[in-house]
Amino acid sequence: MAAGRVVVAGASLGGLRAAEQLRAAGWTGAITVVGDEPHMPYNRPPLSKEVLAGKAPFESLAFTPKASAADVEWRLGTRVASARLAERVVALDDGGELPFDGLVVATGMRPRRLPCPGPLAGRHTVRTLADAQALRAELTRPGARLVVVGAGFIGCEVAATAVGLGVAEVTVVDPLPLPMVGPLGETLARALLDRHRARGVRFALGTAVAGFMGEDRVTGVLLGDGSVLPADVVVESVGSVANTEWLDGNGLDLSDGVLTDDHLRVGGLPYVVAVGDVARFPNARYDGTPRRVEHWSIPTDTAKHAAKTLVAHLTGAEPVPAPFAPLPTFWSDQHDFRLQSFGVPALGKGDVRVLDGDLDGDVLVGYHRDGLLVGVVALGGHAAAMSAARHRARLLKQPALTA
């Protein structure tokens, strides 16, 4: 194999899996992973649950790199500031530069913040270990009143964890009429709402946040209808922004993450690939429309394919013949129940059917498009999750959708 260097921009799960998969694909040259956090890659889903609840120390979150990646160079606490792709060079925020033969874009996302007037103190996001630790310190104060802005995955998980911590008041605000209605559709989202309310979470739905009250720190959340929700702590869970600014000026489509082809190559450049939730890729299993997927399984799935693509180019080996076609997977633990999904339910929200159980207990819901099952979501306990897992094989065997 020819010598050289692959730079992996981003040191979270996607960056780790990319480094491991480069070795698995046969790359014997240097690998340098650059990341802005001071920590080695760690598991983020527990941040809004076990870490926030005080049940998981950081040591339990850290991933252990595979032995094959033991010689990988890690530059932590350093951010990739810009790139000159034609010259095959990335510039770092410490003033240094790294030349590369191959580049893996794995810079992920950061939380979106609300552009509303008001104080900043008392307002939190949940993306990093430091975020979760700072939020926990505030939620464990006696009498804390929490307002969560956004009823998506993180918002619902934080609300559930806060109730478990004994937070005095927990209210979730969202302009949509139901929690998680985007990925789940109305039928299951309504069942989810009922379960949260039964466990003490309050909701202000169909309304937006207009501002934050208070002088030095937040004391309330001003809603669009003029009402005010008292709040000592606010969590903003209103989506994510792709970390792509460092790629500006290279003629790439960065309108929603980094656009790739069906082998995860970026901008028609065979020596640049993207992995994780920053990648917007077509999925040959479905309709070929490029989409970003912010699920835990995607960093590993994309890393496997992207590494093979990149190493084949760098070594002159045979290219990967089959286009990328993952089966997206997500789960979300809230209160004493779990949401478990396989496929892309959002593609079939117009045809939703209960496949097993009932909406008041353990239930499995199927999502169909043109008569084909494109996704399943289980809501409930172990029985519901197992029912979803049994449908995974069926989803893998489905023929591809047409555009």
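Residues take their numbers from the sequence shown, with the count starting at 1.
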Next item on the list: Walk me through it: do V218 and V233 pass the test side chain to side chain contact (heavy atoms under 4.5 Å, CB included)?
Entry: CA-CA 7 Å; V218 169; V233 187; over 6 Å; no

Checklist line | Stepwise side chain to side chain contact (heavy atoms under 4.5 Å, CB included) check, R145 with V147 | finding: CA-CA 7 Å; R145 297 167 299 177; V147 171; over 6 Å; no

Next item on the list: Give the C-alpha distance, both sets of side-chain angles, the deciding distance and a yes or no for side chain to side chain contact (heavy atoms under 4.5 Å, CB included) between V34 and T78.
Entry: CA-CA 6 Å; V34 182; T78 303; 4.2 Å; yes

Next item on the list: Please assess F281 against V275 for the test side chain to side chain contact (heavy atoms under 4.5 Å, CB included), listing each intermediate value before the final yes or no.
Entry: CA-CA 9 Å; F281 58 88; V275 305; over 6 Å; no

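Under the rule for a side chain to side chain contact (heavy atoms under 4.5 Å, CB included), the partners of A384 that lie at least two apart in sequence or sit in another chain are D362, A378. Judged as a salt bridge (Lys or Arg N to Asp or Glu O under 4.0 Å), and not counting sequence neighbours, D194 has no contacts. Applying the side chain to side chain contact (heavy atoms under 4.5 Å, CB included) rule to S12 yields the partners R44; only residues at least two apart in sequence or on another chain are considered. Remark: R199 pairs with D336 by the salt bridge (Lys or Arg N to Asp or Glu O under 4.0 Å) rule, at least two apart or across chains. In this structure L222 satisfies the side chain to side chain contact (heavy atoms under 4.5 Å, CB included) test together with A210, M213, V228, sequence neighbours excluded. With sequence neighbours excluded, no residue forms a salt bridge (Lys or Arg N to Asp or Glu O under 4.0 Å) with D356. With sequence neighbours excluded, no residue forms a side chain to side chain donor-acceptor pair (under 3.5 Å) with R392.
Relative orientation of the F203 and H196 rings is perpendicular, given thresholds of 30° and 60° on the angle between their planes. Ring pair H335/F337 is tilted by interplanar angle, where 30° to 60° counts as tilted. Taking the six-membered ring where the residue is Trp, H263 and H305 present parallel rings, their angle staying beneath 30° rather than reaching 60°.
Taking the side chain as every heavy atom from C-beta outward, L103 and R88 never approach each other to under 4.5 Å. When side chains are defined from C-beta on, N283 does not count as touching R291, because their heavy atoms never get closer than 4.5 Å. The shortest side-chain heavy-atom distance between C156 and L339 does not fall under the 4.5 Å cut-off. With contacts defined as side-chain heavy-atom distances shorter than 4.5 Å, the pair P282/T260 qualifies. In this structure the side chain of V8 never reaches within 4.5 angstrom of the side chain of W74, judged on heavy atoms. Two residues are said to be in side-chain contact when any heavy atoms from C-beta on lie closer than 4.5 Å; S237 and V126 fail this criterion. The side-chain heavy atoms of L364 and R390, taken from C-beta on, include no pair separated by under 4.5 Å. Taking the side chain as every heavy atom from C-beta outward, L252 and V272 never approach each other to under 4.5 Å.
Checking R5 against T32 by side-chain atom types alone, a donor-acceptor pair falls below 3.5 Å.
Judged purely by atom type and a 3.5 angstrom limit, K49 uses its side chain to pair as donor or acceptor with the backbone of P45. Counting only distance, with no hydrogens or angles, the side chain of D301 and the backbone of P328 share no donor-acceptor pair below 3.5 Å. For D174 (side chain) and A151 (main-chain N/O), a donor-acceptor pair under 3.5 Å exists by modelled atom type. The backbone N or O of L314 lies less than 3.5 Å from no partner atom in the side chain of D101, so there is not a single donor-acceptor pair. Of the possible donor and acceptor atoms, none in the side chain of R369 sits under 3.5 Å from a partner among the backbone N and O of G348. Put simply, the side chain of T302 gets close to the backbone of G276: a donor and an acceptor are under 3.5 Å apart. No donor-acceptor distance shorter than 3.5 angstrom exists from the side chain of N43 to the backbone of L61, with no hydrogens or angles considered. In this structure, the side chain of Y271 does not engage the main chain of V6 through any donor-acceptor pair within 3.5 Å. The closest donor-acceptor contact from the side chain of R265 to the backbone of P270 lies at 3.5 Å or more, if one exists at all. Judged purely by atom type and a 3.5 angstrom limit, Y367 has no side-chain atom pairing as donor or acceptor with the backbone of G343.
In E73, the CD atom is crowded: over 12 heavy atoms of neighbouring residues, nucleotides or ligands sit closer than 6.0 Å. Around the CG atom of D216, the shell of radius 6.0 Å holds no more than 12 heavy atoms that belong to other residues, nucleotides or ligands. Other residues, nucleotides and ligands contribute only 12 or fewer heavy atoms inside 6.0 Å of the NZ atom of K304.
The salt bridge (Lys or Arg N to Asp or Glu O under 4.0 Å) pairs that include a residue from residues 268-282 are D253-R280, where partners are two or more places apart or lie in different chains. Residue pairs meeting the salt bridge (Lys or Arg N to Asp or Glu O under 4.0 Å) criterion with at least one member in residues 103-119, sequence neighbours excluded, are R110-E245, R113-E236. Within the structure, salt bridge (Lys or Arg N to Asp or Glu O under 4.0 Å) contacts touching residues 59-70 (residues at least two apart or in different chains) do not occur.
Taking all atoms of both residues into account, the shortest heavy-atom contact from V377 to P345 is CG2-CG, 3.6 Å. Across all non-hydrogen atoms, the minimal contact from T125 to D131 is O-CB, 3.2 Å. In terms of heavy-atom proximity, V278 sits nearest to V105 at CG1-O, 3.9 Å. Residues P119 and F212 come closest through the heavy atom pair CD-O, 3.5 Å. The shortest non-hydrogen separation linking P179 to L205 is CD-CD1, 4.2 Å. Heavy-atom minimum distance, S332 versus F153: CB-CD2, 4.0 Å.
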Give every donor-acceptor pair under 3.5 Å between a side-chain atom in residues 160-172 and any protein atom, sequence neighbours left out.
from	atom 1	to	atom 2	distance (Å)
T161	OG1	S48	O	2.8
T161	OG1	E157	O	2.9

Mind listing the side-chain donor-acceptor pairs of residues 136-143 below 3.5 Å, one per line with the distance, residues two or more places apart or on another chain?
from	atom 1	to	atom 2	distance (Å)
R136	NH1	L52	O	3.1
R136	NH1	A53	O	3.3
E138	OE1	R217	NH2	2.7
E138	OE2	H124	NE2	2.6
T140	OG1	R136	O	2.9
T140	OG1	A137	O	3.3

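Under a cutoff of 6.0 Å and an axis angle of 45°, R394 and F342 do not form a cation-pi pair.
A salt bridge links R84 and E97; the closest N-O separation between the charged side-chain nitrogens and carboxylate oxygens is under 4.0 Å.
With L355 as the partner, the side-chain contact (heavy atoms from CB on, under 4.5 Å) test is satisfied by one option alone out of V365, V363, V376: V376.
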